[in-house]
Amino acid sequence: MYHSPFLIEDQLVVVPVPQILAGDTVFRDYAIATMEPNSVPYGLIGGGMLIVRAGRILWVGPEPCGWRSEVKVEQFFGDGRLLTPGWIDCHTHLIFAGDRSGEFAQRLSGVTYADIARKGGGILSTVRATRMVNEEELYESARMRAESRLRQGVTTLEIKSGYGLDLPNEQKMLRVARRLAETMPLTIVATVLAAHTVPPEFAGRGDDYVTHVCEDMLPAVSHLADAVDVFCETIAFSLDQSRRILEAGHARGLRLKIHAEQLSLSGGAAMAARLGAVSADHLEYLDESGVKAMAQHGTTAVLLPGAYYFLQETHVPPIELLRKHQVPIALASDFNPGSSPLHSHQLVLNLACLLFRMTPEEALAGVTRNAARALGLGDQVGTLRPGKWADLAEWDAHSPAELSYPIAAQLCRCVFRRGVCVHAVSV
Ligand SMILES: [Zn+2]
């Protein structure tokens with residue numbers, strides 16, 4: 001029997017290579033960035049081997065010299081290339097119709113995002129377009145966007161509603177998310193964001209809309225969603241209104257998420273943390289008391305450098321405070337037509353390094369380990385350790401830092417979901 005040393009949470013554990021069975025899959029000769037939080041940067045294993053059984057990781061470690069399988073199994077040979085956990089895009093709005101390129105031109109001439117929103121543009125223009133299309137059209141456009149993410153190494157995708165803002169159209173969006181989960185080799189987390197903005201029918205009656213969301217919409221959509229979210233901001237919902245939405249979602253068994261402190265400090269992140277939110281997202285204006293509340297309640301910070309870049313923000317999220325209080329930092333695309341039309345997931349890492357001064361290792365953890373936590377899936381995906389799903393991405397790279405360095409490159413070579421190859425570039 002072969003034995004291999006493997007670091008698990010700083011403990012050097014000698015784990016024997018198990019006997020291979022027919023039906024197993026073996027990945028050999030990879031630089032494996034496990035992203036396990038041990039003393040080795042990236043949890044990296046050189047000359048690594050990973051064994052998959054029934055879709056889950058059975059064993060991972062350095063390949064013992066002279067090892068060979070005694071039964072015929074599927075094997076992939078990496079030739080030293082990098083293997084990482086499949087990436088997780090933990091904050092997207094990728095189901096929508098219409099486009100907002102006209103607003104882009106307006107913003108370049110000096111009109112602010114908030115001004116556009118107040119005049120009925122912004123989110124509401126996407127709401128109008130999304131209400132007009134049928135479910136099939138909405139599904140087809142979303143499927144193409146999800147497919148693009150998959151080809152870039154993403155195996156888990158969070159998708160929010162929030163462009164329907166009435167019951168039939170919120171249901172339509174969430175059914176599209178469910179259908180994507182059924183038809184694509186992706187894990188989809190569906191989040192109801194009925195409280196994205198106040199719809200025109202409730203103009204000037206934000207409290208009434210919040211009551212409608214809590215009493216009518218959430219009970220009717222909770223079976224289609226995994227989480228509830230709210231946009232807590234001066235141009236959207238107040239702290240009290242946001243609390244009502246989250247409490248109603250919690251009562252329906254949904255995980256809690258919040259868009260908070262993007263354009264101003266509202267206290268939304270701390271409020272959501274106290275209610276047990278899995279994540280608070282954006283956070284440019286988060287202060288230390290908010291950071292402490294998130295640390296205390298185990299809430300993950302989701303930073304969205306695409307929106308920061310596209311809106312030409314200058315207020316950088318409090319990275320040092322998040323580090324100081326050990327709040328896990330996830331990164332996501334925030335893919336949406338108005339404030340973050342960001343198609344390259346690799347660019348998310350590069351932007352986070354350059355705009356937020358995150359390290360390449362923090363950036364990779366942000367789209368793997370910490371993104372899993374932001375969805376409440378930390379025990380299933382996000383790192384490569386025995387027992388987790390074998391969701392993997394293979395890269396045309398030999399070291400993990402190469403993933404953050406190029407601008408909008410496409411280095412993903414193969415994607416494996418639950419051990420099965422679901423995308424491969426032709427070489
Ligand atoms: Zn968002």
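Start at 1 and go down the list; that is how both ligands and their atoms are numbered.
Side-chain contact between Thr92 and Asn336 is absent, with no heavy atoms from C-beta onward closer than 4.5 Å.
Every residue was checked against the salt bridge (Lys or Arg N to Asp or Glu O under 4.0 Å) condition with Arg255, not counting sequence neighbours, and none meets it.
Under 3.5 Å, the side chains of Asp99 and Ser101 contain a donor-acceptor pair of N or O atoms.
With Leu392 as the partner, the side chain to side chain contact (heavy atoms under 4.5 Å, CB included) test is satisfied by one option alone out of Thr84, Val415, Leu384: Leu384.
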| message | Walk me through whether Arg107 and Thr112 qualify under side-chain hydrogen bond (donor to acceptor under 3.5 Å, both in side chains). | response | CA-CA 6 Å; Arg107 283 188 31 235; Thr112 68; over 6 Å; no

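Around the Zn ion (ligand 1), the protein N, O or S atoms found under 2.8 Å comprise His91 NE2, His93 NE2, His259 NE2, Asp334 OD1.
Aromatic pair His196/Tyr163: centroids less than 6.0 angstrom apart.
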